[in-house]
Enquirer: 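Just passing along the structure, written as structure tokens.
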Number of protein chains: 2
Amino acid sequence: MPLKNTGTETLIKETAKRLFFAEGKLHATTQEIADAAGVNRTSLHYYFRSRDLLLEAVFKEAMQALSGRMNECMAAEKPFRQKIEDLIEVFLKDMTAFPYQETFLVTEINTLGKELIENIKAEPINNFLTEVKEEMHNGTLEKIEPIHFLMNLFSLLSYPLIMAPLYRQLFQISEKKFSELIGQRKEIILKMLFTE
Amino acid sequence: MPLKNTGTETLIKETAKRLFFAEGKLHATTQEIADAAGVNRTSLHYYFRSRDLLLEAVFKEAMQALSGRMNECMAAEKPFRQKIEDLIEVFLKDMTAFPYQETFLVTEINTLGKELIENIKAEPINNFLTEVKEEMHNGTLEKIEPIHFLMNLFSLLSYPLIMAPLYRQLFQISEKKFSELIGQRKEIILKMLFTE
DNA sequence: CTTTTATTTAACAATTTTGTTAAACAAAAT
DNA sequence: ATTTTGTTTAACAAAATTGTTAAATAAAAG
């Protein structure tokens, strides 16, 4: 079976990903996606049958990629602190490129159906939570419900990037200055999470 | 001029607010809004002329209310720590009722135009940032760029509530257990923000 | 009681968005 | 060179969504 593979399929998928997750245009039409990709709108149906299926494809791929990288960090044979540093870097990189990915997931659960989050495996997270608990016994971390530790980590990483457009206005800072601030986040977050 | 004032206008506005900000249905149609409010769709046009104008009305009102309450906290004649506690309570209450409000703002800036965030006054925030700086000199707070302090505060408050549906799945916890966790956030956040 | 005015509704029209069909095109296989 | 197969496109159809008009309803004013 000779596939010509003109790259159009991935082009459409990557373009949709950019519009949805990077630019936050959650209700981009098929026409807008096709235009941004520079292809005819019919190609979109040729490869994905419908708008919803394109959306699903983009979504599953992105979530799988991210949760894969995160699980890799969490399950690695490294000291706890190193794992956290890895997680911060992976997550920060992803959130910088695609700040609206998780927001999108959460607000689209109604539309797309819960199967999207149902097949997110809870096991790697649970193992990691156990490890967090151990660190609390060691005194490396404040003794709180381990879930709070993870929520704190994700919050400190994600929220500033989601709110970037608002913060630039609110704090009257340039795009450059904002990037600088984000560059400082890793150290700030580490200091907040670990009791020195 | 005798206004009958049947309450329909506010009913529509409150219903739209609920759908948009509480349930996260950012692209609810006029029909869905009308149905949820139990009125004819034409009433929606009668009071607001178009979908966009309804959206704008809902938006401006919500943002004004929230920023008003926040400015009140920040400008109050109270000790710094008390102000932060007030802010946490105000914000936590608002985010619990309407978790998607800020997300909505940020992702709709493209569509609704930047005038929505342009008339958010930066002054109260700037005054407060100065105060934060003073606290850092006093040693009450870790010495970092003051903007980080505020980003940390807002992140720790908002993100867990935005991600609630995802977290309940990821951490395998009930709605009740999740509410309990949120109830513990104030103390957790205070501990993280202040160097004891 | 009648008139006026605000509100609500049904019916219709216009626009936008999605989806389908069939034809045109281009590269590989025979 | 011709056939086959995969890809792209234009034209068309269907559905969903918004917006308008005019009639029906009901409450207040005269």
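In the text below, chain A, chain B and the rest are named by the order of the sequence lines, each starting its count at 1. These numbers come from a predicted model, not from an experiment.
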Enquirer: Taking atom types as modelled, find out whether A/Glu134 and A/Asn138 have a side-chain donor-acceptor pair closer than 3.5 angstrom.
Expert: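 No.
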Enquirer: Show your working on ring-ring contact (aromatic ring centres under 6.0 Å, His included) between B/Tyr100 and B/Phe20 and close with a plain yes or no.
Expert: CA-CA 7 Å; B/Tyr100 303 109; B/Phe20 292 143; over 10 Å; no
Enquirer: Enumerate, in order of first residue number, the stems that involve DNA chain C, defined as 3 or more consecutive Watson-Crick or G-U wobble pairs with both distances under 3.5 Å.
Expert: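 Stems for DNA chain C, defined as runs of 3 or more consecutive pairs: C:1-30 with D:1-30.
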Enquirer: If we ignore angles and hydrogens, is there a donor and acceptor under 3.5 Å between the side chains of B/Asn40 and B/Thr42?
Expert: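 Per modelled atom types, B/Asn40 and B/Thr42 side chains form a pair under 3.5 Å.
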Enquirer: Could you note down all residue pairs passing ring-ring contact (aromatic ring centres under 6.0 Å, His included) where residues 114-137 of chain B supplies at least one of them, sequence neighbours left out?
Expert: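 Passing the test, one end in residues 114-137 of chain B: B/Phe80-B/Phe128.
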Enquirer: I need the residues from residues 23-37 of chain B with at least one non-hydrogen atom less than 4.0 Å from DNA chain D; give them sorted by number, or say none.
Expert: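 B/Thr29, B/Thr30 - these, ordered by number, are the residues of the stretch whose heavy atoms sit under 4.0 Å from the strand.
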Enquirer: NE2/A/His148 to CG/A/Leu153 distance, rounded to the nearest 0.5 angstrom?
Expert: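 The distance works out to 14.5 Å.
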Enquirer: Are B/Met74 and B/Phe194 grouped together when hydrophobic residues (ILVMFWY) are joined by side-chain heavy atoms under 4.5 angstrom apart?
Expert: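 B/Met74 clusters together with B/Phe194.
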Enquirer: Which residues within residues 10-21 of chain B lie with some heavy atom under 4.0 Å of an atom in DNA chain C?
Expert: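 Of all residues in residues 10-21 of chain B, none places a heavy atom under 4.0 Å from DNA chain C.
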Enquirer: With a cut-off of 3.5 Å and sequence neighbours excluded, list every side-chain donor-acceptor pair involving residues 171-180 of chain B.
Expert:
{"from": "B/Ser174", "atom 1": "OG", "to": "B/Lys177", "atom 2": "N", "distance (Å)": "3.1"}
{"from": "B/Lys177", "atom 1": "NZ", "to": "A/Glu145", "atom 2": "OE1", "distance (Å)": "3.3"}
{"from": "B/Ser179", "atom 1": "OG", "to": "B/Glu175", "atom 2": "O", "distance (Å)": "3.1"}

Enquirer: Between CD1 of A/Ile182 and OH of A/Tyr167, what distance do you get to the nearest 0.5 Å?
Expert: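 If we round to the nearest 0.5 Å, A/Ile182:CD1 and A/Tyr167:OH are 10.0 Å apart.
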Enquirer: Should B/Phe21 and B/Phe104 be marked as a ring-ring contact (aromatic ring centres under 6.0 Å, His included) after you check the CA-CA gap, both sets of side-chain angles, and the distance that decides it?
Expert: CA-CA 7 Å; B/Phe21 302 152; B/Phe104 188 103; 5.4 Å; yes
Enquirer: Would you kindly say whether B/Glu131 and B/Asn127 are connected by a side-chain donor-acceptor distance under 3.5 Å?
Expert: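 Note: B/Glu131 and B/Asn127 side chains miss the donor-acceptor criterion.
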Enquirer: Run the salt-bridge test on A/Glu89 and A/Lys93 with the 4.0 Å N-O cut-off and return the result as yes or no.
Expert: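 Salt bridge between A/Glu89 and A/Lys93, a charged N being under 4.0 Å from a carboxylate O: no.
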Enquirer: Please check if the number of heavy atoms outside A/Lys83 that lie under 6.0 Å from its NZ is greater than 12.
Expert: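 Result for NZ/A/Lys83: enclosed.
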Enquirer: In residues 38-55 of chain A, what residues come within less than 4.0 Å of DNA chain C, judged by heavy atoms?
Expert: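 Heavy-atom cutoff 4.0 Å gives A/Arg41, A/Thr42, A/His45, A/Ser50, A/Arg51.
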